[in-house]
Protein chains: 2
Amino acid sequence: MSSRILVVEDEMPIRDMLVFALEQKGYYTLEAETYGEALDKITEPYPDLILLDWMLPGGSGIQLAKRLKQSEFTRDIPIIMLTARGEEEDKIRGLEVGADDYMTKPFSPKELLARIRAVMRRAAPTSVEEMIQVQGLKLDPVSHRVTANEDGLDMGPTEFKLLHFFMSHPERVYSREQLLDHVWGTNVYVEDRTVDVHIRRLRKAISAHGHDKMIQTVRGAGYRFSAKV
Amino acid sequence: MSSRILVVEDEMPIRDMLVFALEQKGYYTLEAETYGEALDKITEPYPDLILLDWMLPGGSGIQLAKRLKQSEFTRDIPIIMLTARGEEEDKIRGLEVGADDYMTKPFSPKELLARIRAVMRRAAPTSVEEMIQVQGLKLDPVSHRVTANEDGLDMGPTEFKLLHFFMSHPERVYSREQLLDHVWGTNVYVEDRTVDVHIRRLRKAISAHGHDKMIQTVRGAGYRFSAKV
DNA sequence: CAACAATGTCACATAACTGTCACATTTAAA
DNA sequence: TTTAAATGTGACAGTTATGTGACATTGTTG
């Protein structure tokens with residue numbers, strides 16, 4: 001959920017305002033003042049969106065956008081360009097280059113957030129989320145439900161994600177660290193043993209019809225989800 | 001697939017640009033400069049979407065939208081209104097009247113096309129306005145009424161739209177942001193938590209016969225409408 | 001113009017979830 | 001069998017998400 005937004009803007013007061021508004025809303029921000037600095041920040045992991053001041057010294061904002069839209073890896077990063085009132089030519093050039101939206105300064109934080117939401121939704125991949133079933137255990141990512149032989153099961157968000165991951169990758173052992181990466185996300189630091197606790201909670205949640213046996217401990221290696229006993 | 005789009009815009013350069021961009025993309029276009037001319041074009045077969053300049057001479061853009069949204073036959077034609085920057089009042093009036101989206105001039109063809117797709121996708125399944133019933137709960141989109149086991153229920157416009165959306169898409173979790181997009185509309189920015197409050201109001205409104213349990217909280221994900229407990 | 005209804009936001013209350021620990025139990029090797 | 005390591009398990013305290021009432025604002029209706 002917490003997306004990363006790169007703010008490329010040379011005027012500090014404006015940049016600060018943007019960063020403040022974004023972080024307020026839970027976005028993770030990156031900042032750059034110049035063309036070069038921006039390029040440095042545009043590497044793995046790529047930001048999810050770029051707010052780009054069109055009037056960078058030397059007009060390099062346009063160049064940056066052009067460059068990004070040409071590279072296969074950065075082509076799909078949405079760009080919202082920030083222009084000053086009356087710079088019509090820039091708008092036109094910007095849109096030619098492929099900016100996804102633009103805003104004229106000054107603008108309200110509300111408008112900014114609305115556009116970010118719109119642009120990111122447009123860019124969001126519409127992954128096909130299908131129902132997963134293994135024996136009597138069904139998990140439906142769309143309705144966010146898990147059932148065991150038609151009985152609804154209750155579990156916390158983390159247990160749901162964990163089960164989702166397991167059911168998507170059955171018959172395979174994952175170490176605690178791997179599970180942390182896949183389920184909790186990278187760059188989150190929690191103890192390895194925390195996985196054990198959630199495994200315990202998940203097992204309890206699906207134990208009603210004996211499905212807890214599907215989550216197997218592989219001593220010294222990790223855990224495995226398997227239909228086989 | 002070739003949808004028919006009516007462009008109502010009095011300034012020729014802009015109209016030409018729009019028509020060009022649309023035909024480029026394979027849409028079939030109709031053009032109108034004035035209120036009266038537009039009405040002439042809005043007959044069988046009805047256009048699938050209307051791009052409506054809000055600033056038609058005499059402010060008649062708004063009147064046209066209002067008129068269209070009042071007639072049973074044209075109510076469901078999606079309208080994207082085109083406003084000049086800063087005409088905040090118009091935006092607000094436009095959304096009240098029932099415009100489905102708006103764009104501020106000048107805008108990119110890319111954005112325009114994206115919104116057209118979005119609006120049409122959203123409007124497509126709504127074309128048939130049928131009574132929806134889930135267990136004892138009935139919602140009639142035509143008369144704008146909701147009943148629980150024959151008892152009439154009272155609720156605000158937003159709650160009605162919310163319930164309408166939920167009942168049209170049961171068994172599916174929607175995040176607060178998605179609900180904002182679908183119920184409040186794109187381009188409106190309100191706090192995520194506002195959804196919670198309206199959920200609360202809606203639950204209260206339908207709680208008389210225990211129907212409030214149909215709106216379920218999915219912690220960390222959003223809300224879901226479902227007949228199942 | 002006054003009374004009323006609807007909206008969006010807050011602040012606070014409540015409920016649910018998290019990560020960690022300490023201790024119990026199991027396992028495998030010595 | 002003994003022993004050390006690995007895993008299971010219950011409890012708990014902090015954190016976060018959601019529920020809820022109140023309020024200012026705005027538009028609507030009479």
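Naming convention: chains lettered A, B, ... in sequence-line order (proteins, then strands); numbering from 1 in each chain.
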Indicate yes or no for a side-chain donor-acceptor contact from [X] to the backbone of [Y] under 3.5 Å, with no hydrogens or angles considered.
X: E177(B); Y: L179(B); result: no
X: Q216(A); Y: K228(A); result: yes
X: E11(A); Y: P13(A); result: no

Ion pair E159(B)/K204(B), N-O distance below 4.0 Å: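 No salt bridge links E159(B) with K204(B).
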
Side chains of [X] and [Y]: does their closest heavy-atom pair fall under 4.5 Å?
X: V188(A); Y: L180(A); value: no
X: T29(A); Y: L18(A); value: no
X: L153(B); Y: L137(B); value: yes

Show me the pairs that pass ring-ring contact (aromatic ring centres under 6.0 Å, His included) and involve residues 184-229 of chain A, at least two apart or across chains.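 Output for this query lists W184(A)-H198(A).
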
Find the distance [X]:[atom1] to [N]:[atom2] and express it as a whole number of Å.
X: E191(B); N: dA24(D); atom1: CD; atom2: C1'; answer: 16 Å
X: I199(B); N: dG19(D); atom1: CD1; atom2: P; answer: 8 Å
X: R201(A); N: dT7(D); atom1: CZ; atom2: C1'; answer: 16 Å
X: H198(B); N: dT20(D); atom1: NE2; atom2: P; answer: 15 Å

[X] side chain near [N] phosphate (N/O to OP1/OP2, under 4.0 Å):
X: R203(A); N: dG8(D); result: yes
X: Y223(B); N: dA17(D); result: no
X: R176(A); N: dT7(D); result: yes

I want to confirm an ordering. Mapping E159(A) and V190(B) to their closest nucleotides on DNA chain C, which one lands closer to the 5' end?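 Whichever sits nearer the 5' end wins; that is V190(B).
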
Please figure out whether G156(A) or T194(B) has its closest DNA chain C nucleotide nearer the 5' end.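 Of the two residues, T194(B) wins.
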
Please find the earliest and latest nucleotides of DNA chain C, in the 5' to 3' direction, that have an atom within less than 4.0 Å of any heavy atom of chain B.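 The contact span of chain B on DNA chain C goes from dA6(C) to dC17(C).
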
Minimum heavy-atom separation for V173(B) to S143(A), with atom names?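 Where V173(B) meets S143(A) most closely, the heavy atoms are CG2-O, 3.2 Å.
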
Looking at the base of dG19(D), is there any donor atom on it, or on the side chain of R193(B), that sits under 3.5 Å from an acceptor on the other one? yes

Near DNA chain C, under 4.0 Å by heavy atom, which residues of residues 208-222 of chain B? R219(B)

